[in-house]
Each structure stands twice: as structure tokens, then as C-alpha cells.
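Below: one structure, written as C-alpha cells.
Just so it is clear: chains get the letters A, B, ... in the order the sequence lines come, proteins before strands, and each one is counted from 1.
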Amino acid sequence: MPELPEVETIVRGLASCILNKVIAHVDVNLPRMVTPAPPLFEAMLRGQTLRACERRAKYIVFTLDHGYQLIVHLRMTGRFMYAQADDAAPPYSHVHFRFTDGTQLFFADTRTFGRMRIVEPDEAWAAGLGVEPLSPEFTVNALHALCKGRTTPIKTFLLDQRHIAGIGNIYACEALWQARIAPSTPAGNLKPAARAALHAALQDVLERAIHMRGTSARDYVDAEGLKGGFQNVLTVYGRHGQACPRPRCGGSIERSVLAQRGTWWCRRCQR
DNA sequence: AGGCGTACCTGAGGGC
DNA sequence: TGCCCTCAGGTACGCC
């Protein structure tokens with residue numbers, strides 16, 4: 001389901017709903033989703049206050065009183081749902097939190113790929129993640145250094161979270177279209193102008209998507225059940241056979257497969 | 001080291 | 001109607 005803009009939207013919504021609430025009770029219905037295994041997982045959360053709710057890449061990071069953190073990855077269909085005291089559990093609810101004021105937080109996930117993990121205060125759980133694409137550290141020069149010498153297709157490179165962390169299939173396709181770069185171009189072969197265009201396109205696409213509260217291509221809704229709006233302005237993702245939206249291009253969007261992922265692009269203006 | 005294929009799951013949608 | 005196939009916003013792991 002979610003890439004950086006969707007996770008950012010979820011985190012902002014959660015922060016407004018649950019910050020400083022005290023966890024009264026936790027129930028895990030699908031043990032393989034959580035680490036450590038229940039019942040320790042529940043015990044480590046019970047009685048804790050949620051002191052922070054932040055995003056790193058596509059991860060949601062809750063900081064607890066005792067300094068441990070709860071790290072959540074939604075993978076494809078994971079979803080947080082904030083609910084009032086007497087609301088029933090949604091379908092596919094696998095982890096249930098109840099706060100001392102009676103309100104609830106459900107973690108629902110149709111495909112059950114989502115994962116939650118409690119990490120120690122000084123644990124380097126994010127050590128393998130690349131740079132945040134909207135941070136000051138992500139400069140054109142930084143992008144150059146990361147791409148240098150790589151033969152892997154630029155789209156595959158963008159999806160690799162060890163280099164830049166937070167971009168997924170939708171925004172990789174959209175940014176490459178905006179920068180007029182063919183998805184199969186070897187990352188190390190990008191000319192300086194193309195690298196600069198890609199850098200600008202990535203930041204622009206991600207910022208616009210956050211502003212529109214993410215993309216609801218199929219399932220995605222935020223913690224309050226609201227859909228995003230970016231699906232209404234997608235240029236290429238999922239638009240196989242349609243005309244390229246670039247003025248006077250005249251090409252049409254095709255779908256190919258790169259790194260086992262659907263890839264939408266315009267052969268005419270992306271080179 | 002880096003790139004590729006497969007595995008993990010369920011549901012939606014298209015073709016026949 | 002219903003069966004069968006493909007596809008889906010992601011990552012981990014094993015193999016070369």
C-alpha cells in the first residue's frame with residue numbers, strides 16, 4: 001500500500017489522535033506479525049505512554065516511555081484505524097490497542113505482510129536504510145555519488161531502500177516521467193542534467209503527494225479512514241494505453257516489467 | 001558486491 | 001455462474 005507520502009500522512013494523523021495516550025491493553029491475533037513474540041510483545045507495551053509518532057522511510061516509529069520504540073512497516077495492505085471506545089474491530093484486524101481513555105487503535109492487514117517490532121533505545125534498526133529524499137542531505141551531488149558506476153536500471157535503483165529510502169513503485173514511475181528518463185537507463189549512465197532533473201522531480205512529486213495526503217490507488221486510507229487525492233493527478237502509473245499527458249508529446253503510456261514490478265512510462269518523451 | 005528470482009498472502013478483475 | 005489466470009502501493013532471502 002504505502003510509500004513515503006502515505007506513511008507521512010498516516011503518521012501526522014496518528015500523532016493528532018493518539019499522542020500521549022496510555023496503552024491499557026494490547027491483543028495480537030497473528031503472532032508472526034510481531035517481534036518479540038506474544039505475550040512479551042503485549043507486556044512490553046502495556047502501561048506505556050506514546051511519546052512520539054514519527055516516520056523514517058516507510059516505517060512508522062512510536063517512542064514509548066521506557067525509551068523502547070515500536071517500529072511498524074505496513075508493507076502492501078497494512079492499515080492503522082483509530083476508533084472510538086465502542087467501535088467494532090474492522091475486517092482483518094490482527095493487532096488491537098486499547099488506551100486508558102477507552103479509544104482504540106486497530107492494525108488491519110488483508111495480505112498480512114505488515115510487521116511490528118519493538119526495538120531497544122539504542123538499537124540501530126535503520127542502519128541499512130538510505131537517505132531521506134526530502135532531507136537536506138539528499139542533494140544532487142548525493143544522488144550522483146549513489147548512482148555512480150551502477151549498471152542497475154534507474155527505476156530498480158530508486159526502489160532499493162538502501163540507497164534512497166521511501167520511494168515505491170508509484171512515485172518512482174511518476175518521478176521518472178516528470179524527469180523524462182527511461183526507467184531502464186543504467187543508473188550510472190545518467191547525464192548531469194538528467195540527474196538534476198530526477199532529483200528535482202523526486203522532491204516535487206513526493207512533496208505534492210504529501211500535500212494531497214497520498215495516493216489511493218486501491219485500498220489506501222489514512223488512520224482516520226480518509227482517502228488521498230494524488231491518484232487524481234497521476235501521469236503514468238496504471239495508465240497503460242492512455243495518451244502521454246505531456247503537452248504536444250503525442251506518445252502513449254506503455255507498461256513493461258522491471259525488477260518484477262509493473263512499470264508505466266512513455267517511450268516517446270522518456271529517454 | 002550486486003543483481004535476479006522467488007516467497008510471503010488475499011482479493012479484485014478480466015477472459016473464456 | 002464460475003473457474004483460472006494475472007496483478008497489486010513491499011521487502012527478505014537464497015543463489016549465482
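- The distance between atom CG of A/Asp160 and atom P of C/dT11, rounded to the nearest whole Å, is 10 Å.
- Note: CG (A/Leu159) to P (B/dG2) measures 17 Å, nearest angstrom.
- Here ring-ring contact (aromatic ring centres under 6.0 Å, His included) pairs that include residues 10-54 of chain A, with residues two or more places apart or in two chains, number zero.
- In this structure, of C/dA12, B/dG2, C/dG10, it is C/dG10 that holds the atom nearest to the side chain of A/His73.
- The distance between the ring centers of A/Phe80 and A/Phe62 falls below 6.0 angstrom.
- The CZ atom of A/Phe157 sits 10 Å away from the P atom of B/dG3 (whole-angstrom rounding).
- Under the 30°/60° scheme for interplanar angles, the aromatic rings of A/His96 and A/Phe106 are found to lie parallel.
- Geometrically, A/Arg246 engages A/Trp177 in a cation-pi contact, judged by NZ or CZ lying under 6.0 Å from the ring centre and within 45° of the ring axis.
- Using a 4.0 Å heavy-atom criterion, one finds that A/Arg162 contacts no nucleic acid atom at all.
- Paired runs in DNA chain B that reach 3 or more consecutive Watson-Crick or G-U pairs, where each pair keeps both distances under 3.5 Å, cover B:2-8 with C:10-16, B:10-16 with C:2-8.
- Between the side chains of A/Thr63 and A/Tyr68, no donor-acceptor pair is found at a separation under 3.5 Å.
- The residue A/Tyr171 sits apart from the nucleic acid: no heavy atom pair falls under 4.0 Å.
- In this model, the phosphate group of C/dA8 is not approached by any side-chain N or O of A/Thr77 to a distance below 4.0 Å at OP1 or OP2.
- One can place CH2 of A/Trp264 at 9 Å from C1' of C/dC7, the figure rounded to the nearest angstrom.
- Put simply, the side chain of A/Lys155 reaches to within 4.5 Å of the side chain of A/Arg261, judged on heavy atoms.
- The nucleotide whose nearest atom lies closest to any side-chain atom of A/Gln161 is, among B/dG3, C/dT11, C/dA8, C/dT11.
- In this structure, CH2 of A/Trp125 is placed 14 Å from C1' of C/dT11, rounded to the nearest angstrom.
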Base-contact (B) and sugar-phosphate-only (S) positions in nucleotides 4-9 of chain B, heavy-atom cut-off under 4.0 Å, - elsewhere: -BB-BB
